[in-house]
Amino acid sequence: MEFKKHILDNGLAVIGEVNPFAKSAAVGFFVRTGSRDEDKIISGVSHFLEHMTFKGTDKLGPLDVNKAFDDTGAQFNAFTSEENTVYYSAVLPEYLEDVTKLWIELGRPSLRDEDFNMEKNVIKEEIAMYEDTPTFDVIDRARSLYFDTHPCGNSILGTRETIDAMSAEQMRVYHQNRYSPNNITLVFAGNFDFDKMLKLASDACSAWQYSQAERKITDYPGKAQTKRIEKQNLVREHICLISPAVSMQDERRFAASLLANIIGDSTGSRYYWALVDKALAEVATMQCESMDGTGAYYSYIRCDRGSTQKVLRKVKILLEDLTNSGIEEDELDKAKNKILSALVLHNEVPMGRLVTVGFNWVYLKQYRTTHQDVEDIKSVTVEDVNTLIRELKPGNFTQYSLGPAR
Amino acid sequence: MVILGEPMEAVESAAFDFLLPAGASRLPDGCCGAANIISDWIFRGAGELDSRQLSDALDSLGLHRSVGVGTNFLSIGAALENENLSTALELYTKIINEPKLTNKQFELSKQLALAAVMSLDDDPRKKVMLKLRENFYPEPLGISTVGNLDNINSLTPDKTRQLAKDNFNLTGAIFSLAGKYDFDAVCKQMEKLFDTNAKQPVDSIPLGNKGQKYTHIHNDGAQVHIGMMTETVRPADEQYYNTRMAVSVLSGGMSARLFTEVREKRGLCYAVGAKYHGLKDAAGIACYAGTVPDCAQQTLDVIKEQFDKLAEGIDADEIKRAKAGLKSVLIMSSESSASRASAIASDFYLLERVRSLDEIKEKIEQTSVESVTDFLKSNKFKDYTIVTIGPKQVIVE
């Protein structure tokens, strides 16, 4: 594996990890923008813009774009989070040049009114779909409750009202401000020729206009609020708990993610033995989401309405116990084994490496080999995790429940 | 038990799957959901290890477990770093040959199986496709792989233990392995671990009737979830690649017809797509779309129109794109040990042999505008099975 990088004069970073033995290559544009960079009036614009990017340019209409991607046989898509919009594709190496040219072209989309108005319907369908997906809905609502006035609480999808009220011009302005070359990283992984890809990017993107694309970064510890809403059509109780974790820039992020694994991995974790093994809950998992300057632990629990109080009591006792007594050496070892093997499996495929290499650059401006990550995970001690528990107090959580009428 | 292995040069991992002939359709009437109970119960202690010791032993290998109940098989497998393979196989052998299956643990597995069925009501997208298969396939092929509340409630530890014993039939089992490993060493180990000469035939499944043509399940959600399925050729059929190409033209990528007509031109849906779904004895093309109630009828009509129009003509460009898409999925999936382990096992069951990647590529290449349209003309889509879940019904001709 060889790491390559070059920063264009306008700030666009082009980076890549070359693996000549891979059968495929992956390419992605990582734009450092998401719902936390929106104000209330344009809530949902980052995600809507992600859809609109595929509507093409003055040279390429929406159907041409779709055909051009499918001509390369690309596995491609995009996603928007609180703080990133990522466009990615994996292709056979011979198609990498074509698909990269296409992404570069789409980096400056037309954002036509007519496409914008049609796509509003699709966005509202997506909002409706997630309303029918309580697993997602409860996490989205819990995030807003936890982050309160902090921008990370902004809805990624927006609401029907903000989408209806939004104009294409507002989106164009947002694009101009946020899709500045210094706010974008072009990432490659797998089997590819870096110099060739760099030339493509340099020829086409050097003219992209620079703008100030800043982000206010503040941490937020949450307010430990509790809320429940009822939905007539639900059968199960869906619970999301959120408490503070560490940011992507914090060196303790590996210890933080090991802690999430110890508490809430789908097998053999503390949640598993207290809740799932006893059939009190059918799902009980925890994940650590390290973000830009902040971080949060998300637990998702699904159970019978009648068991809710018992489940929550067990969670409280479990987290109190963890705070008082800390973790054991053997559970840390198991968590390490699970995380390390997941890392190896994830990194075997260029698409997996693309995401890791890309986010390491976006957050840390660093290239890290798989080996470095493995070593850092191995070096975490019981005391590192116990110190984190004492500092982060996972028992002090915000709780959102979505369930049937009482 | 058949042992299949595919070595992969570029990976450090290994992945394996045991397919045991204990899938949902292989269990007797009144036992729908038993396979789900068994798939949890067998992990709650095996050999000399109790539930916790077994779980700890698996976790200490860092392996990623996969457990699934399918129509024909209960599959249990794992992906892991290759140096732990031999120890993992010893543990999985215990799980298959010597599960403890205690009464106490049975009740917990049963409660989880009941919860999984109840949770489907909160996941209408999944529920609609399960109900669709149930109605589309002749009984018992479409039987729910999650289960049925009444059936699960009626199961006892003794009855379920007997089902596990009868159906963990090694004569009909397939073991597949892909990644970095020593095939001879694995075969030797497996011979030793599964040391038995007992052969037990695997009965074929007699097929019964199909379900209703249209079923609506009321739910006051935000969308109407539409599932639609129609018959096509089975995986072993010589026309298989033509039907796969036809499905790709309909729904292979973003330029495919369903996405273009339903989402891009009309903005009716966020999620719309069709997939080939093949069993050994029957196969179909299954389509899903989710849309707000006021657009449900139009969405269904546009989808049906696209299915019906397909035989009228396909462009050379559409075929070219479908080929590029199918080949790239194939080659990229060959980079992952877990997907190869599952693909070779499925090939062996469906075709009684494993296809090489080159053979599949060649067969895809051999299709053409003519071969796909000729196939569609002589195998016209008819008899759509439809299921909707949501606040509003649709009218089905």
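As the structure is a computational prediction, the values presented were derived from the model and not from experiment.
- For Phe79(A) and Tyr87(A), the gap between ring centers reaches or exceeds 6.0 Å.
- Between chain A and the residues Leu61(B), Leu268(B), Asp123(B), the most heavy-atom pairs under 4.5 angstrom are made by Leu268(B).
- Chain A forms more heavy-atom pairs under 4.5 Å with one residue of Glu81(B), Arg65(B), Arg52(B), Arg125(B) than with any other, namely Arg52(B).
- Aromatic ring centres of Phe16(B) and Tyr92(B): separated by under 6.0 Å.
- At a 4.5 Å heavy-atom cutoff, the contact between Lys265(B) and chain A is made by backbone and side-chain atoms alike.
- Residue with the most contacts toward chain B among Glu282(A), Met118(A), Glu126(A): Glu126(A) (heavy-atom pairs, distance under 4.5 Å).
- Contacts between residues 131-139 of chain A and chain B, counted as heavy-atom pairs separated by less than 4.5 Å, involve Glu131(A), Asp132(A), Pro134(A).
- Between Met118(B) and the options Leu114(B), Asp122(B), Leu120(B), a side chain to side chain contact (heavy atoms under 4.5 Å, CB included) holds for only Leu114(B).
- Counting heavy-atom pairs under 4.5 Å between each of Ser336(B), Cys269(B), Gly290(B) and chain A puts Cys269(B) at the top.
- Heavy-atom distances place no part of Ala116(B) under 4.5 Å from chain A, backbone and side chain included.
- Counting heavy-atom pairs under 4.5 Å between each of Gly252(B), Ala322(B), Ser334(B) and chain A puts Ser334(B) at the top.
- Interface remark: Leu345(A) contributes side-chain atoms only to the contact with chain B (heavy atom separation under 4.5 Å).
- Using a 4.5 Å cut-off between heavy atoms, Ala15(B) does not touch chain A at all.
- Side-chain N or O atoms of Lys338(A) include none that pairs as donor or acceptor with a backbone N or O of Leu258(A) at under 3.5 Å.
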